[in-house]
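This report refers to the structure that appears directly beneath it.
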Amino acid sequence: QYEPLLSEKDLTRVEIGEDSPLPEELTRDSLELPSLSEPELARHYTRLSQMVYGIDSGPYPLGSCTMKYNPKFTEDVAALPSASVHPDRSEQSVQGTLEVLYRLQEYLGLIGGMDAVTLQPPAGAAGEFVGIRVATAYHDHRGEGHRDEVIVPESAHGTNFATAALGGYDVVSLPSDDGGRVDLEALEAALSENTAALMLTNPNTLGLFEREIAEIAEMVHDAGGLLYYDGANLNALLGRARPGDMGFDVMHYNVHKTFATPHGGGGPGAGPVGVVADLAPFLPAPRVREADDASASESESTYELFDPDHTIGTVHGFQGNWLVLVKAFAYIARLGDAGLADASAKAVLNANYLASQIEYDVPYGPFHHEFVASAGEQDAADVAKRMLDYGVHPPTTKWPEIVPEALMTEPTEVESKATLDRLAAAFNAVTTDGDATLEDAPERTTARRIDQTSAARNPRLSWQALEDES
Amino acid sequence: QYEPLLSEKDLTRVEIGEDSPLPEELTRDSLELPSLSEPELARHYTRLSQMVYGIDSGPYPLGSCTMKYNPKFTEDVAALPSASVHPDRSEQSVQGTLEVLYRLQEYLGLIGGMDAVTLQPPAGAAGEFVGIRVATAYHDHRGEGHRDEVIVPESAHGTNFATAALGGYDVVSLPSDDGGRVDLEALEAALSENTAALMLTNPNTLGLFEREIAEIAEMVHDAGGLLYYDGANLNALLGRARPGDMGFDVMHYNVHKTFATPHGGGGPGAGPVGVVADLAPFLPAPRVREADDASASESESTYELFDPDHTIGTVHGFQGNWLVLVKAFAYIARLGDAGLADASAKAVLNANYLASQIEYDVPYGPFHHEFVASAGEQDAADVAKRMLDYGVHPPTTKWPEIVPEALMTEPTEVESKATLDRLAAAFNAVTTDGDATLEDAPERTTARRIDQTSAARNPRLSWQALEDES
Amino acid sequence: MHGSHSGSPYAPHTADERSAMLEAIGVESVEELFDVPPEVGFEDSYGIDARTERETRRLVRSILSRNDDLTELLGRGHYGYYVPSVVDHLADRSEFLTSYTQYQPEVSQGFLQALFEYQSLLVELTGLEVANCSMYDAATALGEAATLADRVRDATGHRVLVPDLLLEGRRSTLENYVAGTDLVVEAYPTDDANVDVGGLDELVDDDIVMLYAENPTVRGTIEERLEAVGDLAEETDALFVLGTDPVALSLLQRPADVGADVVVGDASVLGLPTSYGMGLGLFATSEEYLRQVPGRLVGASEDATGRRAYTLTLQTREQHIRRERATSNICTNQAWVALRTAMHAAVLGPEGLVDLAKRGVTRAERLATRVDDLAGASAPVHDRRHVREFVARVDQPARAVAADLEERGFAVHVVDDHEIQLCVAGVADDRIDPFVDALEEVIR
Amino acid sequence: MHGSHSGSPYAPHTADERSAMLEAIGVESVEELFDVPPEVGFEDSYGIDARTERETRRLVRSILSRNDDLTELLGRGHYGYYVPSVVDHLADRSEFLTSYTQYQPEVSQGFLQALFEYQSLLVELTGLEVANCSMYDAATALGEAATLADRVRDATGHRVLVPDLLLEGRRSTLENYVAGTDLVVEAYPTDDANVDVGGLDELVDDDIVMLYAENPTVRGTIEERLEAVGDLAEETDALFVLGTDPVALSLLQRPADVGADVVVGDASVLGLPTSYGMGLGLFATSEEYLRQVPGRLVGASEDATGRRAYTLTLQTREQHIRRERATSNICTNQAWVALRTAMHAAVLGPEGLVDLAKRGVTRAERLATRVDDLAGASAPVHDRRHVREFVARVDQPARAVAADLEERGFAVHVVDDHEIQLCVAGVADDRIDPFVDALEEVIR
């Protein structure tokens, strides 16, 4: 059932007329937008929502995205009126907000094994950028500003490459070894006096733990570089291992992945960054700390903002995605040690179980939280489309490229065995579908296969563009 | 897509074992119910919700049900933590709740032209019951306990008949005149010294205003009876006419109809009752009033509960559907005089416009908030099923019986012209559908035509009954 | 924003549209459509100001802020169990909230299935075969049980026996429900809060059509001799009606096992927080009375393709079909609360339900022991097992104790001159110590 | 309730299921699946206690209750406009909230359409042809604009000019974004809070790749000579980047009409209440730079049956395809906030938007007049037209004035030793009088 664009329901032009409080040279002439009543809008967006597949619709095993169930109660805490404060309030008047932030910094430090945390980065890629900027500041501070290379494994997230480039670095791509892990010889060759950092995720994008991480860390450190941990896969390790203990110097956390804040159709997330003590002075400003309060007799601490000594400044106009951070805090406070460890245990159990149940070839292993199957002779993108017809969301496709026609699958801990079986059945059903079926898929969805090529060739990015056309 | 019953997903039997704090003779042996995780339940109920047509899905012109858009903000006020209080709290500690109730009593009194209001009845039918019980108490009090008949027009809501019977009255059915209104001669004939009350709704179920209401009131009063107003159709009259001014002695309000509280899949609603001064002493206990507060200097009034002198007692264990009442209060406070009058104006405009656009015969008129079309040679129930295929909710069918194959249609004020046109198009499309199509309808819904007969012949009312069968 | 300035913000139409509509109707103005004779017209105004949404929210918030923020140790038929957030979020989905009675089952399958699951929950809890999908509350369910008894029992019988401790709201509502029948309501004696079986036996004769007992009782005691009550009812062919609730049922004796014919009560102990008494009337009975059941029933059926489908069924019992011969006048009921109750029970699962009920016993009895240890108080007053709540004796006047506790942030029931009642159901664990401290202070 | 006792309450599996799964995998225990060498394993615990949902909610509520309940007259880039309830209810529908980037458009049409409508809203507001569907906030959008300038302008240019009054958070973020390029950020002078066009002219040369101005300015003044700024940019082939927001744009000059090449700003002035600075980066530009735009774009297309359908498009600009040659590193963005912004704008409609903007002018200027009337204060400091906010001079030290106001329940900005800034955006009408009274008291 087609839902018209708002502009197809109404367009009303309002002239900025004589009752304008401003002289006309300071104003626009008119504004033309849909003018609709609340009931009409409620129906519009209700209908649109029904054309969206979310976590509550079914399994969503997008590899590397950690699509886990978002507990409803965290929405309630973020919606508390007391959570709605302006960032320019005096510190004294927002002690509650500062306490949440401080406690979350502490939680994340514990979980990552890091000495200092900033909550400012509004997303994982922003966290990476902070990491890279901190690395630059650190090297500059030590008089090693010449380091202009960042090493990134071939199988890394695209953001790693893009972030390094945004930071002004040359990217040195690192091939994998036959087992799908970092090739130590290649690493040795890549490292030099120009190495600023190696960016890794562990387990890597194949779901494999980099067993030689201690040696890797030593090599990078010996070369004078820093070791960066991409937190995208942290959901595999809660209660089992900490990046700080592995020798990582700086890491980001994806709270929308590991700590179950909603993905919101693409965001907002949050990408806090943790660092070892040596790097703490370079973190973005401001951070939160307990104040040395004269009135120490009080049972409640007082919190204050402070700028790290050699701060890189800010990477956000204010202090990041507060409403997301408070949900992450609530999630961690709810689960505690036992819940977090259980989440990772079941995430790993689920990934391995699902891998054992599907008929597509699954190279490498053993896996942690995700695995990458190969669609073999089939086109992975077609496989994904066809899986939609079986009522499930498909995995990430065609990446990492180390596996041909990759189906990168991360079921997370929230799926029941019954759902994993249903998901496996969907994978397996597609294995026997013929080319024609695959190419025609999906056929049971709101929209059938969408023409991406013409969308890009003839970009129509607004209702105005559609009108111009017709 | 079939959604299994919870019991088809899991059934877990928990034994009331040795760790029970009670001796086994005081306990059951075991409890067997589905044991599912929050993510699984979120999906279950999300999926179930998607198989329900609500106001936010599209037009819902169920005649006599006044399915209007439910403003979202009233949910927020009902969800305020301060709204969650126990009914046995001291009056002093729930002044906020009492003030809302008092103000709502006042609002409803103004809107109905009534002198006293009780908010206790939890639904319209419960309101009717209060009205009937109050009438009994009133007559008894005056030594006229012999009055044992309640007159109800043929076209009245089924609840009127059932309520009168529940109150112990013989029901005297009153035919309509050719114009669809009360037949005054028949009324004259029905009235006697045994008449306790006449129950009317105005506009009546055909959407017609009982123009001779003043005369009707006089006749009933002359016979010593009371005139009861069924508030189901009050949405037609806001700002235009008040039952009290027409001579009604007692009335109920359906806050889920007139005052936009959600219908909740069948309830809860609320059915406050207003009465003229003579009947006030008989209302249910307790009611709310302003206290004669010694500290009169305060700007805020103090409120207290009191029992009317000759109260009929209670019709609810506590004080009715508070969470519904607070939404009704917020709705009235939001709209005010102008908004309420506009709601009725547009409800009447919409009904008349829609009536003018549909090709089915629409006898009687002019209409207020609703009209009754006739499906003619078609079966009204089939017409309704077929309308589902056009994506709209059908009207009430086969009632009132005064119109053959009735299609009782009440679009309410919330529908736009575009939606009314879509609704008319759906009606009109069905006029040309053949018998086979009608009998097969609906074909585009979640479930196809459901077999009502076998459901009633072989009642299976629980998952246990389904299991026993298989 | 159509109409936001001077009309309903929820009613659209531009001036152009209104004109077109009037033209189609064939009138000049909306006024013409109102067929109200001038002598009964309303020319005045109500005097109710319109407000913006924000102002309205602030108004209600401001008024409700006059409610004191108390920890409620209140029960007696209305309980403040914590309702998991997921229940709010799912039940508030507008498809559920804004739909109405499932007259068109083909587009209401989701709600029907949820109600079917609610019925099934009650079937398991009660052991009876039939549960309807709601009455208004415990009191009205009790009233409906009496009219059922009136219909199904010997026409000569007319006595309904209820415990002398019955809550006034329930007794009075019951009396209103039977006012149109020949039935009379009489109280039987209780012994230390439970049924005085001997005393009851003396009252029972063939004129009894209904015998009502509660478990737990209004004083929180667990009824110990339900089988005996059931036997008495059976002997006299009276309908045995048992009042209880889903949490109690998760642990206490199954009504079917003690011979109950009808189970009533408030099912919203699951699903709703304290709501100033808003409830959900539980009504379950045996298959024998299926066609006499009041209220709505959802049944399983098949659609035209043979697939499982749900529908309202046995509607010929209902007022919209049967009119004055209906089994009840109920139409709008508490369906959405039933949905919430089903959801809450599902979130708890059988383990959670049993655990919640068990904690009701252990926490109540533990608190009673602590109160008993205080100088100036003894508890429980009744030498019985308790669940959720109990009566305590205080040396000080109970009213003054309650008032002093209220000043300290706690609400309790006053039962008698020197008796208060304390309920732990909705009370967080960490509020118990402060309560005991406050009680100790005020009863000194 | 699986796993609620000692594990994650959001992860199912009974013991039986776990056994079956382990068997299928071919291992004895979950531990075996963890391929973590002991030397980097974590044997300790974090020391974080688990809590029930209720306890967790109470914990957060208790902590946040330490935030004072103040009326915020705060703005400067973050505004507390009232967000209609319907926005919360619709945006919180879980399909929207719990989905992710629309990699599979066939099951994401609803979100894509909403984002397409968001883009269209910005196209109308800015007059530019292309709007992406979000950056993080105004500051990061400004940073992205600079990297865009770096890509599209003469490779030899390296100067970025920004107003000397630019908010520190924006300037610092911009500097971080250009740290990996040759660009340097320089400030141009302002004159009474607006662009000093003469002073700017002196700074401009062919080495300028980007010229940034804001309307309204950080001090709430309306920029009067945007055409002149646009002309200067055009003369030097610099990218003219204009910072603004959707409410301001509803009334103020259309960026396209003054020659803006890129519009940035915080679009969450609609859609979010005050959120401690959480925002929504608005990014619009002309078609010329389409293939250099950072972030996601939704385009209209057709599905296999020829029906209109929406999809993410031009993804070859993005990091997951183009890696180090991407137009930005952004992946997760602020899509859900964009949805809320689109909804809020739709609820207001064009009339409501224009009205909101107009009231921003009249209410700010009216408050300035009232403040000016007070002894010990003068306002506005800048002899300009204002929208939403303005700077006031106070004879008393500004810091003390702000602190005293805070004690009386009002939060204001301190701009300088004797300057405070007052914003009316989110302030209810009936809070203005009390504020003026409080201000009068504290500046005496």
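Chain letters run A, B, ... following the sequence lines, proteins first, then strands; residues in each count from 1.
Heavy-atom pairs under 4.5 Å with chain A were tallied for D:Ser328, D:Gly80, D:Ser94, D:Ala138; the largest tally goes to D:Ser94. Considering only heavy-atom pairs separated by less than 4.5 Å from chain D, the leading option among A:Lys385, A:Lys68, A:Glu415, A:Gln92 is A:Lys385. Heavy-atom pairs under 4.5 Å with chain A were tallied for D:Asp266, D:Asp69, D:Leu125; the largest tally goes to D:Leu125. Highest contact tally toward chain A, considering only D:Val27, D:Thr140, D:Val86, is held by D:Val86 [criterion: heavy-atom pairs under 4.5 Å]. In terms of non-hydrogen atom pairs under 4.5 Å with chain A, the most contact-rich of D:Thr313, D:Leu74, D:Val60 is D:Leu74. The residue among A:Gly158, A:Ser93, A:Ser356 with the most heavy atom pairs within less than 4.5 Å of chain D is A:Ser93. Per-residue counts of heavy-atom pairs under 4.5 Å with chain D were compared for A:Thr445, A:Thr159, A:Thr163; the largest is that of A:Thr159. Most heavy-atom pairs under 4.5 Å with chain A: of the set D:Glu406, D:Glu106, D:Gln319, D:Met278, this distinction falls to D:Glu106. If you tally non-hydrogen atom pairs under 4.5 Å between each of D:Asp35, D:Leu122, D:Val30, D:Asp92 and chain A, the highest count goes to D:Asp35.
The line from OG1 of D:Thr311 to CZ of D:Phe116 is 12.0 Å long, rounded to the nearest 0.5 Å. With values rounded to the nearest 0.5 angstrom, A:Gln95 atom CD is found 11.0 Å from A:Arg89 atom CZ.
Interface remark: A:Ala341 contributes no atoms to any contact with chain D (heavy atom separation under 4.5 Å). Using a 4.5 Å cut-off between heavy atoms, D:Arg325 makes no contact with chain A at all. Contacts between A:Glu3 and chain D at a heavy-atom distance below 4.5 Å involve backbone atoms as well as side-chain atoms. The parts of A:Ile111 that come within reach of chain D are both its backbone and its side chain, each placing non-hydrogen atoms under 4.5 angstrom from that chain. Contacts of A:Leu388 with chain D are made by side-chain atoms alone, with heavy-atom separations under 4.5 Å and no backbone atom involved. Only the side chain of A:Ile16 comes within contact range of chain D, judged by heavy atoms closer than 4.5 Å. Heavy-atom distances place the side chain of A:Arg133, and not its backbone, under 4.5 Å from chain D. The part of A:Asn70 that comes within reach of chain D is its side chain, from C-beta onward, which places non-hydrogen atoms under 4.5 angstrom from that chain. Contacts of A:Ile213 with chain D are made by side-chain atoms alone, with heavy-atom separations under 4.5 Å and no backbone atom involved. With a 4.5 angstrom heavy-atom cutoff, A:Glu128 does not touch chain D via any of its atoms. Residue D:Ile222 touches chain A through its side chain alone, counting heavy-atom pairs closer than 4.5 Å. Heavy atoms closer than 4.5 Å to chain D are found in the backbone of A:Pro34, but not in its side chain. Residue A:Asp440 does not touch chain D at all, counting heavy-atom pairs closer than 4.5 Å. With a 4.5 angstrom heavy-atom cutoff, A:Thr27 touches chain D via backbone and side-chain atoms both. Within the 4.5 angstrom heavy-atom criterion, only side-chain atoms of A:Met67, from C-beta onward, approach chain D. Only the side chain of A:Arg103 comes within less than 4.5 Å of a heavy atom in chain D; its backbone stays farther off.
In this structure, A:Arg334 and D:Tyr10 have side chains that are in contact, with non-hydrogen atoms separated by less than 4.5 Å. Side-chain contact check for D:Thr274 versus D:Glu72: some heavy-atom pair is nearer than 4.5 Å. With a 4.5 Å cut-off on side-chain heavy atoms, D:Ser8 and A:Lys346 do not count as touching.
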> Passes ring-ring contact (aromatic ring centres under 6.0 Å, His included), A:Trp399 versus A:His157? Steps please.
Replying inline: CA-CA 9 Å; A:Trp399 183 76; A:His157 300 114; 5.4 Å; yes

> Yes or no on side-chain hydrogen bond (donor to acceptor under 3.5 Å, both in side chains) for A:Ser82 and D:Ser65, after CA distance, side-chain angles and deciding distance?
Replying inline: CA-CA 6 Å; A:Ser82 53; D:Ser65 70; over 6 Å; no

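Taking every heavy atom of both residues into account, A:Ala162 and D:Ala326 meet most closely at CB-CB, 4.4 Å.
Ring centers of A:Phe129 and D:Tyr177: under 6.0 Å apart, within the cut-off.
Remark: A:Arg240 is positioned above the aromatic ring of D:Phe34, its terminal NZ or CZ atom under 6.0 angstrom from the ring centre and at most 45 degrees off the axis.
Partners of A:Phe318 according to the ring pair (Phe, Tyr, Trp, His ring centres under 6.0 Å) rule, which considers only residues two or more places apart in sequence or in another chain, are D:His78.
A salt bridge does not link A:Arg13 to D:Glu351: none of the charged nitrogens lies less than 4.0 Å from a carboxylate oxygen. Taking 4.0 Å as the cut-off between side-chain N and carboxylate O, A:Arg460 and D:Glu302 count as a salt-bridged pair.
The number of heavy-atom neighbours closer than 6.0 Å to CG of A:Asp19, taken from other residues, nucleotides and ligands shown, is above 12.
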